[in-house]
Amino acid sequence: MDILFKNDDFVFSYRVGGILIRNGKILLQRPKNDDYSIIGGHVAAMETSIETLKREFEEELHTKIEVDNLLAIG
């Protein structure tokens with residue numbers, strides 16, 4: 001179950017995204033009819049941000065990654 005709270009005035013959606021840099025280039029994804037974005041997704045209950053990021057990269061790219069550090073929180 002994703003960490004997501006809604007009421008009449010507000011939506012809280014806990015998501016993470018990863019910036020993959022290789023050979024000086026940043027990997028982005030672009031779903032059909034949408035803008036470019038970094039790879040990531042919703043954090044599930046009892047899952048850490050790092051676990052989520054690793055899971056999302058494996059789902060999207062079918063590869064395992066290592067997470068270096070936290071860049072930003074918003």
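Excluded from the calculations below are hydrogen atoms, water molecules and symmetry mates; all remaining heavy atoms, backbone and side chain alike, are included.
- Separating the CG atom in Leu53 from the CD atom in Glu66 is a distance of 11.0 Å, to the nearest 0.5 Å.
- Side-chain contact check for Thr52 and Tyr14: no donor-acceptor pair (N or O, by modelled atom type) lies under 3.5 Å.
- When the side chains of ILVMFWY residues are joined at heavy-atom separations under 4.5 Å, either directly or via intervening members, Leu28 and Val16 end up in two distinct hydrophobic clusters.
- Note on Ile39: it does not cluster hydrophobically with Ile21, by side-chain heavy-atom contacts below 4.5 Å among ILVMFWY residues.
- Under a cut-off of 6.0 angstrom, the local environment of OH in Tyr36 is sparse, with at most 12 non-hydrogen atoms contributed by other residues, nucleotides or ligands.
- Looking at Thr63 and Glu58, their side chains never come closer than 4.5 Å, going by heavy atoms from C-beta outward.
- From Leu27, atom CG reaches atom CD1 of Ile38 across 10.5 Å, with rounding to the nearest 0.5 Å.
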Using the side chain to side chain contact (heavy atoms under 4.5 Å, CB included) rule, take Lys54 and Val67 through it: C-alpha gap first, then chi angles, then the decisive distance, then the call. CA-CA 8 Å; Lys54 288 180 176 185; Val67 178; 4.3 Å; yes
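- Taken to the nearest 0.5 Å, the CD atom of Glu47 stands 8.5 Å off from the CG atom of Asp2.
- Neither Ile3 nor Met1 shares a network with the other; the hydrophobic side chains, linked directly or stepwise wherever heavy atoms of I, L, V, M, F, W or Y lie under 4.5 Å apart, form separate groups for each.
- Side-chain heavy atoms closer than 4.5 Å link hydrophobic residues (I, L, V, M, F, W, Y) into clusters, and following such links, even through other members, never connects Leu61 to Ile26.
- With values rounded to the nearest 0.5 angstrom, Gln29 atom CD is found 11.5 Å from Leu20 atom CG.
- Counting only heavy atoms from C-beta outward, the side chains of His42 and Glu56 never approach each other to under 4.5 Å.
- In this structure the side chain of Leu71 reaches within 4.5 angstrom of the side chain of Ile19, judged on heavy atoms.
- In this structure, the side chain of Arg55 does not engage the main chain of Glu59 through any donor-acceptor pair within 3.5 Å.
- For the atom pair Glu60 CD and Ile65 CD1, the distance stands at 11.5 Å (nearest 0.5 Å).
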